[in-house]
Amino acid sequence: MAQNRRPKSVIDSLGEEIVRIVTPVSICMFMVVVLVSILNTGSSSSASSFNSIATIAYNETTSDSFWEKFKGALFNSLIFVAAITLATFVLVLLFYLRCTHFLKLYMGFSSFLVLGFMGGEIALFFIGDFNIPIDSITFFVILFNFASVGVLAVFMSKMAIFVTQGYLVVIGVLVAYWFTLLPEWTTWVLLVALALYDLAAVLLPVGPLKILVELAISRDEDIPALVYEARPVTNHDSGSRNGVVRNRVWRERSSVGNGSDDNLNSGTNSNLSLDSDSVVDSNLTRGTVNSIGSDHNDRILIGAEQGQVLERESELSAPLIDHRTSDQLHRQENSASRENLLLEGIGLGSTGAIKLGLGDFIFYSVLVGRAAMYDFMTVYACYLAIIAGLGVTLMLLAFYQKALPALPVSIALGVLFYFLTRLLLEVFVVQCSLNLVMF
């Protein structure tokens, strides 16, 4: 009957997809706003003398004119974007030379530095502001364990997915807070410049991220990168037939499967992607599945990734949106399986999850963190603008079925709403309050 029907459109499950990616983004932005509100008003605000490559050409002072601030911020942004571009092309070269193990070690070391040094200094700010009694030995032991577990969770071992996701959000919060310490003009020009860079790097044929993605797809390999991966959505609208369900599971693909996930972001660079780079071989039979290993659960997991699992065992995995319930149908549609999967909706593949680069988390949070330095009305406006932009990007992702940059729409709306709120809405609300029109 209609048990094996397909979704009516590609956006049937988009609402749940948006919630699963908006939630961590909102948590990251909220934590950055909290840090800015607490630390930038106390004695720790002396950290505002933070220097980096983003201030190498010009250091803003209050006595400078508007033109000098804009010109200096533009130079700073160009240097920063050029450095990111160079680093990304180096990443492409190393990945082309198959130095994947080195890249993973480098990413792990970078994560350790962020969690250990940046996190440790922020912890010292809190200890100083709130007079928390703790000795240096205990502090360093806790900090070392915190950073070490973070590196293991993100890169070196397989832990519970919520632990990995939590550490990725923490890394985004720490880096974003330090970016909020940049001068105001440099921050705003840098955000716009990074949005334009993200657009070019992902969509242009010679863009470094586009080259990196195409290279990873051609090799069917992973790219070591800081990428947040949401849990796949289970569509409860589709049923099973004859006790057979086609499934995918939340884990790495076994050696008998085809391919692996494609991470479409490299640390500071960001884009949004579908995890739909590989299609399960539908010609593998149940006899082949059952012959792999002697452990019952292992056979269930392997069978789930290859497309055939008994209904009573299907609670160990997440069912695909589309169900292929007949072996004859498998054989008839095997040649067009990739085309069919791409038409079935968002996030299909080995996990069926949307991936969002950690760079997007960071720069969304930088924008609302900078807004928090002014007032909370601009924070609300910028937050709504960023979430609206992210929703628009996810809608485009569902229709175009290709890697898309996640920064341009959200950053454009966020910057626009910041200045509109600061220059127009705030004046209107204050006048309404003074004249008792609004309370």
Side-chain angles (χ1 to χ4, degrees), residues 11 14 17-18 21-22 24-26 28-29 32 54 73-74 76-78 80-85 87-88 172 175-176 179-180 182 185-214 225-228 230 263-274 346 354-371 378 381-421:
I11 60 174
L14 188 59
E17 298 279 358
I18 291 177
I21 205 69
V22 164
V25 171
S26 301
C28 185
M29 290 191 286
V32 171
L74 186 61
N76 285 336
S77 302
L78 291 176
F80 189 80
V81 171
I84 289 180
T85 305
T88 309
V175 177
F179 268 100
T180 61
L182 293 174
W185 281 75
T186 298
T187 301
W188 292 114
V189 177
L190 181 61
L191 287 173
V192 175
L194 286 171
L196 296 175
Y197 163 78
D198 196 29
L199 192 67
V202 178
L203 299 182
L204 290 182
V206 294
L209 292 181
K210 185 176 181 64
I211 296 173
L212 192 64
V213 169
E214 292 178 348
L226 291 170
V227 177
Y228 183 93
N263 293 341
L264 304 183
N265 188 290
S266 59
T268 57
N269 297 319
S270 56
N271 59 58
L272 198 77
S273 68
L274 278 175
I346 198 165
I354 290 181
K355 294 181 177 182
L356 184 65
L358 205 62
D360 302 319
F361 282 75
I362 292 171
F363 294 113
Y364 293 163
S365 302
V366 170
L367 198 154
V368 294
R370 172 55 64 176
T378 56
C382 291
Y383 170 77
L384 293 176
I386 289 172
I387 296 303
L390 184 57
V392 170
T393 306
L394 288 172
M395 291 284 290
L396 295 175
L397 179 67
F399 283 108
Y400 287 101
Q401 299 286 328
K402 60 183 290 188
L404 294 176
L407 281 181
V409 179
S410 293
I411 294 298
L413 290 177
V415 172
L416 177 64
F417 272 59
Y418 173 83
F419 287 105
L420 288 178
T421 302

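Computed from a prediction, not measured in an experiment: that's the story for all the values here. Only heavy atoms go into these numbers, but all of them, side chains included; no hydrogens, no water, no symmetry mates.
- Relative ring orientation between Phe361 and Tyr228 is described as tilted, the plane-to-plane angle lying within the 30° to 60° band.
- In terms of heavy atoms, Val32 sits closest to Ala176 at CG2-CB, 3.8 Å.
- A distance of 12.0 Å separates CD1 in Ile387 from SG in Cys382, rounded to the nearest 0.5 Å.
- Looking at every heavy atom in both residues, Val366 comes nearest to Leu191 through CG1-CD2, 4.3 Å.
- Nearest heavy-atom pair across Tyr418 and Thr378 is CD1-CB, 4.1 Å.
- When all heavy atoms are compared, the tightest approach of Gly369 to Thr180 is CA-CG2, 4.1 Å.
- Test Val22, Leu413, Leu407 against Leu390 for side-chain contact (heavy atoms from CB on, under 4.5 Å) and you get one pass: Val22.
- Interatomic distance, Tyr197 OH to Thr85 OG1, rounded to the nearest 0.5 Å: 4.5 Å.
- Annotation: side chain to side chain contact (heavy atoms under 4.5 Å, CB included) contacts of Leu416 (sequence neighbours excluded): Leu420.
- Evaluation of the side chain to side chain donor-acceptor pair (under 3.5 Å) test over residues 382-392, restricted to residues two or more places apart or in two chains, returns Ser26-Tyr383.
- Smallest separation of non-hydrogen atoms from Val206 and Ile211: O-CD1, 3.7 Å.
- The CH2 atom of Trp188 lies 4.5 Å from the CG atom of Leu367; values are rounded to the nearest 0.5 Å.
- The side-chain heavy atoms of Ile362 and Phe179, taken from C-beta on, include a pair separated by under 4.5 Å.
- Of the inter-residue distances, the one linking Cys28 atom SG with Leu358 atom CG reads 7.5 Å to the nearest 0.5 angstrom.
- Here the closest heavy-atom approach between residue Leu203 and residue Lys210 is recorded as O-CD, 3.9 Å.
- For the atom pair Ile21 CD1 and Leu356 CG, the distance stands at 4.5 Å (nearest 0.5 Å).
- Here Ser77 pairs with Val189, Leu190, Ala193 under the side chain to side chain contact (heavy atoms under 4.5 Å, CB included) rule; sequence neighbours left out.
- Here the OG1 atom belonging to Thr186 is positioned 6.5 Å from the CG atom belonging to Leu182, to the nearest 0.5 angstrom.
- Residues Leu194 and Asp198 have side chains not in contact (no heavy-atom distance under 4.5 Å, counting atoms from C-beta outward).
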